[in-house]
Amino acid sequence: MTSLLVTGGAGFIGANFVRHTISHHPEYDRITVLDKLTYAGNPANLAGLEVDLVKGDICDTELVDDLVGTHDVTVHFAAESHNDNSLADPSPFVHTNINGTFTLLEAVRRHGTRFHHISTDEVFGDLELDDPNRFTETTRYNPSSPYSATKAGSDHLVHAWIRSFGIRATMSNCSNNYGPYQHIEKFIPRQITNILAGLAPKLYGTGEQVRDWIHVDDHNAAVHLILDRGRIGETYIIGADNDHINNKHVISLICELMGRAPDAYEHVNDRPGHDMRYAMDSTKLRRELGWRPRYTDVDSGMREGLEQTIAWYRDNESWWREAKAGVEATYARQGQ
Ligand code: NAD
Ligand code: DAU
């Protein structure tokens with residue numbers, strides 16, 4: 001039996017990971033979540049689960065040392081995760097994403113426990129719309145925003161700790177996730193809750209940007225495969241081959257699935273420095289570990305995943321309602 005520490009487990013992907021672990025991986029007999037419970041962390045995401053929730057900062061050396069030293073495996077999700085926020089104030093991104101990852105790595109080095117670092121496709125920068133290439137494990141880092149630069153910094157720390165100190169770590173870079181429990185500041189839940197709240201969905205700029213959408217359960221299934229059978233020291237790209245779908249298409253699909261005209265949205269200010277296109281080549285993960293996404297292409301998979309996600313937000317209004325006015329007021333101040 002194995003004990004598991006999940007940093008950021010009260011956030012979107014981390015909470016889904018804890019749920020996925022409890023339902024599919026009984027070998028993890030003790031699960032602890034370390035989470036600062038920022039605006040993005042919500043204890044309700046773990047309600048009813050047999051999990052110890054420790055409220056704390058991943059930069060707290062003593063706390064992190066104690067928790068890492070008493071768990072066999074640490075999976076590190078905790079981060080400041082929203083690009084728009086990083087443009088308004090980058091400082092918490094440097095604190096958490098860089099100093100927090102450093103603090104965890106030092107604890108892992110002291111205790112020799114297993115570590116998995118969760119990262120993003122954004123560390124590679126972006127591609128032109130007509131560029132046929134996809135990001136691979138060897139693509140050069142070229143981050144654009146303060147968020148992606150601090151995630152890139154944290155990835156470099158992990159690489160260095162593996163090479164210099166031989167820590168037992170793996171890493172994964174995944175594309176844009178969607179699914180239940182995602183904060184309503186993010187693209188898909190913002191549009192769904194706008195429609196539910198009687199507001200117009202909001203598209204940045206022309207909406208030509210492409211995100212390689214993946215359902216959060218497919219991401220978390222991949223992380224478990226890497227934990228079980230991934231090679232120590234290796235990085236795995238995770239992506240579901242949705243790199244042909246632009247934001248305009250996704251917002252129209254949400255409108256349509258929610259009974260609105262496909263163009264019933266508003267154009268708002270674009271994001272400064274907005275990345276154009278992300279595309280992931282997950283061949284290594286598929287060949288080495290046999291991973292396959294359950295939710296696949298736009299006509300079947302993403303439609304199914306979006307229907308499930310829309311139903312979740314519709315059924316869980318109490319989960320998002322209180323935050324809605326504040327999130328929209330912040331966007332309105334930015335002209336978004
Ligand atoms: P999220 O913002 O929903 O959750 C982040 C969690 O981390 C929150 O619960 C928050 O309270 C916690 N946290 C923040 N600072 C902390 C600190 N200093 N100490 C302890 N806890 C802290 O983020 P998410 O979308 O679930 O992303 C999780 C991870 O996955 C991040 O590392 C992100 O970079 C990565 N990622 C996200 C996506 C995506 O599409 N959302 C895609 C690829 C990778
Ligand atoms: O690619 C992985 C990354 O995906 C993760 O590393 C980040 O943590 C996660 O936040 C996400 O980053 P993005 O910036 O791509 O996601 P976001 O949901 O903020 O925006 C998705 C796209 O939709 C992006 O092109 C901006 C656009 N957008 C966003 C919002 C909030 C809109 O058009 N309208 C909106 O209201």
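All residue numbers in this chain count up from 1 along the given sequence. A quick note: this is a predicted structure, and the numbers were derived from the prediction, not measured. Order of appearance sets the numbers: ligands from 1, and atoms from 1 within every ligand.
Annotation: atom 44 (C) of ligand 1 to nearest protein heavy atom, Ser119 O, 3.2 Å. Annotation: atom 19 (N) of ligand 1 to nearest protein heavy atom, Ile58 N, 3.0 Å. Annotation: atom 2 (O) of ligand 1 to nearest protein heavy atom, Ser81 OG, 2.7 Å. Counting only heavy atoms of the protein, atom 25 (O) of ligand 1 lies nearest to Phe12 CD2, 3.7 Å. Protein heavy atom in closest approach to atom 41 (N) of ligand 1: Ile13 CD1, 3.7 Å. Considering only non-hydrogen protein atoms, atom 43 (C) of ligand 1 sits nearest to Cys174 O, 3.3 Å. When only non-hydrogen protein atoms are considered, atom 8 (C) of ligand 1 lies nearest to Asp35 OD2, 3.6 Å. Nearest to atom 14 (C) of ligand 1 among the protein's heavy atoms is Ala79 O, 3.5 Å.
Residue contacts with ligand 1 for Ser175 involve N, CA, C or O but no side-chain atom from C-beta outward (heavy atoms, distance under 4.0 Å). Counting heavy atoms under 4.0 Å from ligand 1, residue Tyr147 touches it through the side chain alone. When heavy-atom distances to ligand 1 are checked against a 4.0 Å cut-off, Lys151 comes that close only through its side chain, counted from C-beta outward.
Ligand 1 has an N or O atom lying under 3.5 Å from an N or O atom of Asn177, backbone or side chain. Looking at ligand 1, you'll find an N or O of Asp57 within less than 3.5 Å of one of its N or O atoms. At a 3.5 angstrom cut-off on N or O pairs, Lys36 counts as close to ligand 1. Remark: ligand 1 and Thr38 share an N or O pair separated by less than 3.5 Å (distance only, no angle test).
Protein residues having a heavy atom under 4.0 Å from any atom of ligand 2 are Ser81, His82, Asn83, Thr120, Asp121, Glu122, Tyr147, Ser175, Asn176, Glu185, Lys186, Phe187, Arg190, Gln191, Lys202, Leu203, Tyr204, Gln209, Arg211, Asn247, Arg271, His274, Tyr278, Tyr331, listed by chain and number.
Classification of Glu288 and Arg231 as a salt-bridged pair holds, one side-chain N sitting under 4.0 Å from a carboxylate O. Salt bridge Arg303/Glu256: present, at least one basic N to carboxylate O contact under 4.0 Å. Under a 4.0 Å N-O distance rule, the pair Arg114/Asp72 does not qualify as a salt bridge. At a threshold of 4.0 Å, the pair Asp57-Lys36 counts as salt-bridged, since one of the basic side-chain nitrogens sits closer than that to a carboxylate oxygen. Contact check on Glu328 versus Lys324 returns a salt bridge, with a Lys/Arg side-chain nitrogen under 4.0 Å from an Asp/Glu carboxylate oxygen.
Contact of the Leu4 side chain with the Arg30 side chain is not registered, since no non-hydrogen atoms from C-beta on lie closer than 4.5 Å.
Using modelled atom types and a 3.5 Å distance limit, the side chains of Gln308 and His215 yield a donor-acceptor pair.
Close contacts of ligand 1 with Gly56, meaning ligand atoms under 4.0 Å from a residue heavy atom, involve 19 (N), 20 (C). Taking every heavy atom of Gly41 and a limit of under 4.0 angstrom, the matching atoms of ligand 1 come to 8 (C), 9 (O), 11 (O). Per-residue contacts place Asn176 under 4.0 angstrom from the following atoms of ligand 1 (heavy atoms of the residue considered): 40 (O). Of all atoms in ligand 1, listed by their number and element, those nearer than 4.0 Å to a heavy atom of Leu37 are 11 (O). Contact atoms of ligand 1 toward Ala10: 9 (O) (distance under 4.0 Å to a heavy atom of the residue).
When the options Trp312, Phe17, Phe12 are evaluated for a ring-ring contact (aromatic ring centres under 6.0 Å, His included) with Tyr181, the one that passes is Trp312.
In this structure, Arg109 satisfies the cation-pi test against Phe165, with its NZ or CZ atom closer than 6.0 Å to the six-membered ring centre and inside 45 degrees of the ring normal.
Distance alone, capped at 3.5 Å, places no donor-acceptor pair between the Thr101 side chain and the Ile98 backbone.
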Please tabulate, one pair per line, all N/O donor-acceptor pairs under 3.5 Å involving side-chain atoms of residues 41-51, not counting sequence neighbours.
from: Asn42; atom 1: OD1; to: Ala44; atom 2: N; distance (Å): 2.9
from: Asn45; atom 1: OD1; to: Trp319; atom 2: NE1; distance (Å): 2.7
from: Asn45; atom 1: ND2; to: Ala10; atom 2: O; distance (Å): 2.8

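Clustering of Ile, Leu, Val, Met, Phe, Trp and Tyr by side-chain heavy atoms under 4.5 Å joins Tyr147 with Phe93. Alongside Leu129, the hydrophobic cluster contains Val210, Met276 (criterion: ILVMFWY side chains under 4.5 Å).
Met171 and Ile226 sit in two unconnected hydrophobic clusters of ILVMFWY residues. Membership requires side-chain heavy atoms under 4.5 Å apart, directly or through other members.
Below 30°, between 30° and 60°, or above 60°: for His117 and Phe115 the angle between ring planes is below 30°, a parallel geometry. Taking the six-membered ring where tryptophan is involved, the planes of Phe135 and Phe124 are tilted, since the angle between them lies from 30° to 60°.
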